[in-house]
Amino acid sequence: MRPTTTVPETSGHPDELIEAAIAVNQAPTLREAFQVLAELGLRVLGADRLGVSLWEDGLEHVAAAGDEGLSIPGDERIAKALETGEPDVDNHSDPGSAIATVLIVPLVTESTRAVFHASWRTLLTDDEAARATELLQSLSRLSSLAERSPRERERTRLDSVLDGVADGVIVADGLTVTVNAAARAMLALPPDIAYQTSLFNPRTLEGEPFDLVADTVPGTSVIESGESGRFRIRATALDGRELVLDGSVSPVSGGAVIVFRDVTYEHAREVLNERTLYALFNSLPIPLTVGAAGTREFLSANQAFLDLTGFERDEIVGVRPPFPWWDPEEDGTRGFEPGSVVHRVYRRKDGRPLPVEVSSHGIPGDDGEVVLLLAMITDLTEKRRLDQQLVQSGKLAAIGELAAGVAHEINNPLFAILGLTEFLLKESEPESRQRQRLELIQQTGLEIKEIVRALLDFARENADERHVVPLEDVVHSTIDLVRRTNAHKGIELVDVYDDSGAHIQGSPNQLKQIFLNLIANARQAMPNGGTVRVDVRREGDHVLASVSDDGPGIAPDLLDRIFEPFFTTKRLTGGTGLGLSVSLGIAEAHGGSLTATSEVEHGATFTLRLPVAVEELETA
């Protein structure tokens, strides 16, 4: 197998083409011009021999460079190339020959019929042969400079150089415009049609005007100002294709040069990628924001962040710290370091507080420096609520333990009191005043015993243990406990059951906490007394327990906030704002809900809705 060689890209040698054009233009004779081209072509193509032959009445070799030992193509092959006008490539020569590849390029003008022929000892690939043919054709066309007037030579030299450039080039000298072959191909502009300013639409991709062309000569503003500029604009080719062109306008002596390339498909991919990334960014459920690292200007936010804060996009883009969703008391200097994690209190647009965790991540630019900050926001409301519920549960557990200890301490003297009372009753006279007093002591002692028993039952239950129990029993035992303490003083407590006996899966202790909180709230809402009604009933696959009062009701602007942690209208009387928040958390943890309805001056109703236990549904 023959060894192969490598032919450089044609467009990669503009300096050689310019050098050749100058040398040919200065050559006193056509033969000397051919010799210049032969020597340059030998160097650029990497050939072992390159020659030029004229065909008048016969074959005459007028220029050669390289290995003289390599043979020249015969008359028959040269005559055929001149007749067809097509290049002839033979890269499958006889392995025994010193020549592996032969390339013949004909040149036919009004006054000249010549061929450029190149030979290689090594074998060219098809792609390399095609590039060599293209470059040799460019060199052969430069030979016509030797036959032109100085002005024509200059114009032809410029055209030949520009046509060897892969990018589109438009050169204006204030009077005329030159368009190279690549530009004409992009704009579908035939060689016989002059440049038209209408090909460049006077608009950028964003729709703003761009002064690339003025009157009939492009780059007029550059000629006048002497300042270069880059552009990416839309253009319409003569065949109707919509293009996106990326390039620059630069001033030259007495004119301007526009160099551009077709980036239509590249721009379409960029737009598609940008839209895809934006759709992904906007659809993520995690609130995200993007800001400038240097100026800290707010640049963008996804829909999850807008939903979290309640602001519209146009209300926050472009703002700088302090941001409108920050709490006024917040430190505005923290959280702008890449990798930092800070806790803040946001304020929704409606003023509601929102505890969050903000994690910042740096996005570097081309130079490696951080240019953007991506912030990930975590809503801590639920976590804070669960933490408070855990604290409250811990308090209840401590109270339960204390109640158990107190109950045992009470039981010992109570046992003695009841025992001695029983003994004295046996010795007392029937219907005597002494007996009546002893019976009152006994009845009171028995009531104390029942209260202690209820407290012990409440304390013994584990809040984390769940059982299948009738909700009626949970409500009844809670009402019974309230009635045996001062918690019902001043109110009339009414409980109603539909006797369905519907069972739920849950923690009796936690559910009792809900009813204790609701009854306590109702009592606080009626300082002058009133009625609290507890109603338990089944509706389909759920059990409903409602607690209603006939107090002053809840104002409409407060009704949506009563379940927020720490929200209370009784701060001065010891309210913590945790009772309803904890109760809601317990209800939701049991797969249910807790809702409130109210009319001003007509009381309020809180409804606990829990699913019926699966075991009961399966047997129904």
[atom1]/[X]: more than 12 non-hydrogen atoms of other groups inside 6.0 Å:
X: Ile286; atom1: CD1; answer: no
X: Glu337; atom1: CD; answer: yes
X: Met376; atom1: CE; answer: no
X: His361; atom1: NE2; answer: yes

| field | Distance (rounded to the nearest 0.5 Å) between Thr289 OG1 and Phe298 CZ | value |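 Here the interatomic distance stands at 4.5 Å.
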| task | Would you give the length of the straight line joining atom NZ of Lys349 to atom CG of Leu306, rounded to the nearest 0.5 angstrom? | result |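 Reported to 0.5 Å precision, the distance equals 10.5 Å.
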| task | Check side chain to side chain contact (heavy atoms under 4.5 Å, CB included) between Arg352 and all other residues, then give those that pass, not counting sequence neighbours. | result |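 Arg348, Asp350, Arg561, Glu564.
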| Parallel, tilted or perpendicular, as decided by the 30° and 60° cut-offs, for the rings of Phe323 and Trp325 |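 Rings of Trp325 and Phe323: parallel, as their planes differ by under 30°.
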Taking the side chain as every heavy atom from C-beta outward, state whether [X] and [Y] have any atom pair closer than 4.5 Å.
X: Ile479; Y: Leu493; answer: yes
X: Leu511; Y: Val469; answer: no
X: Phe305; Y: Leu288; answer: no
X: Leu608; Y: Leu544; answer: no
X: Ile586; Y: His590; answer: yes
X: Val475; Y: Phe515; answer: yes
X: Val536; Y: Val543; answer: yes
X: Leu354; Y: Arg347; answer: no

Side chain of [X], backbone of [Y]: donor and acceptor closer than 3.5 Å?
X: Asp549; Y: Gly530; value: no
X: Asn282; Y: Tyr278; value: no
X: Arg275; Y: Leu277; value: no
X: Ser283; Y: Leu280; value: yes
X: Asp550; Y: Thr531; value: yes

| task | Could you tell me whether Glu315 and Arg313 make a salt bridge, using a distance below 4.0 angstrom between a side-chain N and a carboxylate O? | result |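 Not counted as a salt bridge, because no side-chain N and carboxylate O are separated by less than 4.0 Å.
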| query | Are Glu266 and Arg261 close enough for a salt bridge, meaning some N to O gap below 4.0 Å? | reply |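 Answer for the salt bridge query: yes.
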Where [X] and [Y] come nearest, the two heavy atoms and their spacing:
X: Val371; Y: Pro364; result: CG2-C, 4.1 Å
X: Glu357; Y: His343; result: OE2-NE2, 3.1 Å
X: Ile491; Y: Arg523; result: CG2-CG, 4.1 Å

| task | Just do the side chain to side chain donor-acceptor pair (under 3.5 Å) check on Asp535 and Ser546 with the steps written out, would you? | result | CA-CA 5 Å; Asp535 188 351; Ser546 60; 4.7 Å; no
| query | Among Val259, Val263, Thr264, whose side chain to side chain contact (heavy atoms under 4.5 Å, CB included) with Asp246 holds? | reply |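 Per the side chain to side chain contact (heavy atoms under 4.5 Å, CB included) rule, the option paired with Asp246 is Val263, out of Val259, Val263, Thr264.
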| message | Just by distance, no angles: are the side chains of Thr478 and His476 close enough, under 3.5 Å, to form a donor-acceptor pair? | response |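 The criterion, which ignores hydrogens and geometry beyond distance, is not satisfied for His476 and Thr478.
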| How far apart are the C-alpha atoms of Thr236 and Glu242, what are their side-chain angles, what is the distance that settles it, and do they pass the side chain to side chain donor-acceptor pair (under 3.5 Å) test? | CA-CA 5 Å; Thr236 304; Glu242 282 289 329; 3.0 Å; yes
